[in-house]
Novice: 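One structure, pasted below without further comment.
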Amino acid sequence: MKLILTDYIILSIGISVLISFIYFSIISYKEKEKNASAKLAIIGIAIFLLLFSLAIYNFKFKEIISLTIITILPISLIILLFPFRKKHNIKRIIPKKQIDERDIMFSRYNLKEDTEEYNNYYLENPELKDFDDYLRKKPGLLSDKSSLYNKHIFNATKASFSVSQHLKSIVKGKAKQKKEINKEETTKFIKAWVKHLGAVSVGITELKNYHLYSHHGRELHGKKVINKDKYAIAFTVEMDKDLIDSSPNAPTILESAKKYVDAAVIAVQLAEYIRNLGYNASAHIDESYEVVCPLVARDAGLGEIGRMGLLMTPELGPRVRIAVVTTELELITDSIKYEPSVINFCTICKKCADSCPSNAISFNKQENIDGVIRWQINQEKCFEFWTQTGTDCGRCISVCPYSHPNNLMHNVVRSGIKNSTLFSLLALKMDDYFYGRKPKSKVSEKFGV
Ligand code: SF4
Ligand code: SF4
């Protein structure tokens, strides 16, 4: 057996493919994606064996086949990785009007019959009354009558949410004596400290009117939101993949609550630190928001808003929770990073819409909603599912291809999606093949549910 140059090249390609696929297979195994891991190992070994046979056996057309592979492979790679993107003329979402917190499902659901708030709200919105009354008869979030009730997990979740309740009393406070500050130095410190406290990403934007709710919908129901701060600091914390993958089962809401608390703990410390410097600051945490967090986070350069209406971060997709601190303290803002590849990918992907158990996510292209081109989920359908199961579902977050862990393998795919429309199509097909078009919920390792 005498090998020639083309045989050596084919062998090297085979060995590289084998090493890469085995590496990806090990990563997938560690991510508990056993199906993907097995498929990757089988494909890697199969390609290697084919190329190995091609290199060592002599048969008719061997040279032509070898040369074709050697030529086509780099050309395909260049085509796939070449930075070519279909132009996207969708403009940045700038809401024409403020969102009224009274209109979000949590606020509507919490209205108590025969109270002033209840009567006033349904006088103005009579078309919502029947559905909301029907919803209030459902078991409700964390209810022991709900279909996915789990005694330990639901009560632990309530315990976590009670921490957020306590933190609400310190979201605002009196600023101490003013200290001279240097904008650059303070901005740098804040970003480093917030990350040190556990945030994955942090950004700063000027606070715009459309970031603010027009009216409070929870405790101060009906009161106008008044916030004169000039800047908003938004940050994200990661939600655990293992627990989110159990969605819509109980561990997902356990993780949601934990991350609301984690984000809130960071936010109240940050607000207090700014007040210690002598400047007004307010933390916006679970159940105590004056701002629409995803909009603020997007304008602070932390991501885009995708098909499911959530912030899609470059590192973890929608698998994050957000909190915001608004302040009068002068800071350096981040530039808005418009990332059309996310919108392009969401346009073709639709995996969240396919997997949503309540059909709340649109399959359509972005639409003009109140003068803004975007996607909007059907919050009624989504919340109805929550009030039945008792959890906050999260299936859409779990199945999103951007939610994969932040590691080399997935980052290569993310950067390919960012660069090339062709790669995006391939990435979607690969995601469907390796993880399933409608991935099933997994049993959480930590809690066995
Ligand atoms: S699942 Fe797909 S369509 Fe849905 S938000 Fe994620 S990338 Fe977009
Ligand atoms: S949380 Fe669940 S029900 Fe709501 S939109 Fe996502 S997948 Fe659908």
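Model, not experiment: these values are computed from the prediction. Order of appearance sets the numbers: ligands from 1, and atoms from 1 within every ligand.
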Novice: Considering only protein heavy atoms, which is closest to atom 3 (S) of ligand 2, and at what distance to one decimal place?
Specialist: Ser358 OG, 3.3 Å

Novice: Taking only heavy atoms of Trp386, which atoms of ligand 2 are found under 4.0 Å from at least one of them?
Specialist: 1 (S), 4 (Fe)

Novice: Taking the side chain as every heavy atom from C-beta outward, state whether Leu135 and Phe383 have any atom pair closer than 4.5 Å.
Specialist: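 Answer yes - side chains close enough.
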
Novice: For Tyr29, I'd like to know if atom OH has over 12 heavy atoms of other residues, nucleotides or ligands within 6.0 Å.
Specialist: no

Novice: Do me a favour and list the nearest non-hydrogen protein atom to atom 6 (Fe) of ligand 2 with residue, atom name and distance?
Specialist: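 Here the closest protein heavy atom is Cys396 SG, 2.3 Å.
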
Novice: Against heavy atoms of Arg395, which atoms of ligand 2 measure under 4.0 Å?
Specialist: 7 (S)

Novice: So, do Gln388 and Leu148 sit near enough that their side-chain heavy atoms are less than 4.5 Å apart?
Specialist: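 No, every pair of side-chain atoms sits at 4.5 Å or beyond.
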
Novice: For atom CD of Glu127, is the number of surrounding heavy atoms from other residues, nucleotides or ligands below 6.0 Å larger than 12?
Specialist: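 Enclosed: over 12 neighbouring heavy atoms sit under 6.0 Å from CD of Glu127.
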
Novice: Between Cys356 and atom 4 (Fe) of ligand 2, is there a contact where an N/O/S atom of the residue lies under 2.8 Å from the metal?
Specialist: no

Novice: Within the 4.0 Å heavy-atom shell around Tyr402, which atoms of ligand 1 are there?
Specialist: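 Listed by number with element, the hits are 7 (S).
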
Novice: Relative to the heavy atoms of Cys400, which atoms of ligand 1 are at a distance of less than 4.0 Å?
Specialist: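 The atoms of ligand 1 under 4.0 Å from a heavy atom of Cys400 are 1 (S), 6 (Fe), 7 (S).
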
Novice: Considering only non-hydrogen protein atoms, determine which one is nearest to atom 2 (Fe) of ligand 2 and report residue, atom name and distance to 0.1 Å.
Specialist: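 The protein heavy atom lying closest is Cys393 SG, 2.3 Å.
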
Novice: Please verify the inter-ring angle class for Tyr260 with Phe161; under 30° counts as parallel, over 60° as perpendicular, anything in between as tilted.
Specialist: tilted

Novice: Are any N, O or S atoms from Cys352 nearer to atom 8 (Fe) of ligand 2 than 2.8 Å?
Specialist: no

Novice: Under 4.5 Å between any side-chain heavy atoms of Lys258 and Val261, yes or no?
Specialist: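 SC-SC contact between Lys258 and Val261 ruled out.
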
Novice: Counting only heavy atoms closer than 4.0 Å, does ligand 2 sit against the backbone of Ile361, its side chain, both, or neither?
Specialist: side chain

Novice: Pick out which of Arg321, Lys259, Lys446, Arg319 makes a salt bridge (charged side-chain N to carboxylate O under 4.0 Å, His left out) with Asp240.
Specialist: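 With Asp240 as partner, Arg321, Lys259, Lys446, Arg319 yield a single salt bridge (charged side-chain N to carboxylate O under 4.0 Å, His left out), made by Lys446.
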
Novice: Could you identify the single nearest non-hydrogen protein atom to atom 5 (S) of ligand 1 and state the distance to 0.1 Å?
Specialist: Met308 CE, 3.4 Å

Novice: When you measure from atom 8 (Fe) of ligand 1 to every protein heavy atom, which one gives the shortest distance, and what is it?
Specialist: Cys346 SG, 2.3 Å

Novice: Check whether any side-chain heavy atom of Val225 lies under 4.5 Å from a side-chain heavy atom of Tyr289, and answer yes or no.
Specialist: no

Novice: Which residue and atom name correspond to the protein heavy atom nearest atom 4 (Fe) of ligand 2, and how close is it?
Specialist: Cys382 SG, 2.4 Å

Novice: Looking only at heavy atoms of Gly306, does any of them come nearer than 4.0 Å to an atom of ligand 1?
Specialist: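 No, that is not the case, since the closest heavy atom of the residue is not under 4.0 Å from the ligand.
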
Novice: Go through ligand 2 atom by atom and flag the ones less than 4.0 Å from a non-hydrogen atom of Pro357.
Specialist: 7 (S)

Novice: Taking the six-membered ring for Trp, are Tyr435 and His410 parallel (under 30°), tilted (30 to 60°) or perpendicular (over 60°)?
Specialist: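 Tilted, since the angle between the ring planes falls between 30° and 60°.
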
Novice: Would you check, one step at a time, whether the test salt bridge (Lys or Arg N to Asp or Glu O under 4.0 Å) holds for Lys129 with Glu124?
Specialist: CA-CA 10 Å; Lys129 185 173 175 301; Glu124 278 184 37; over 6 Å; no

Novice: Under a 4.0 angstrom heavy-atom cut-off, which atoms of ligand 1 come close to Met312?
Specialist: 5 (S), 6 (Fe), 7 (S)

Novice: Which ligand 1 atoms are under 4.0 Å away from a heavy-atom of Pro401?
Specialist: 1 (S), 2 (Fe)

Novice: Output the list of atoms in ligand 1 that are nearer than 4.0 Å to some heavy atom of Cys349, sorted by atom number.
Specialist: 1 (S), 2 (Fe), 3 (S), 7 (S)

Novice: Which ligand 1 atoms are under 4.0 Å away from a heavy-atom of Phe345?
Specialist: 7 (S)

Novice: Less than 4.0 angstrom from a charged side-chain N to a carboxylate O is my criterion; do Lys350 and Asp354 meet it?
Specialist: no

Novice: Measure from the ring center of Phe21 to the ring center of Phe48 and say whether it is less than 6.0 Å.
Specialist: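 That pair fails the under 6.0 Å test.
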
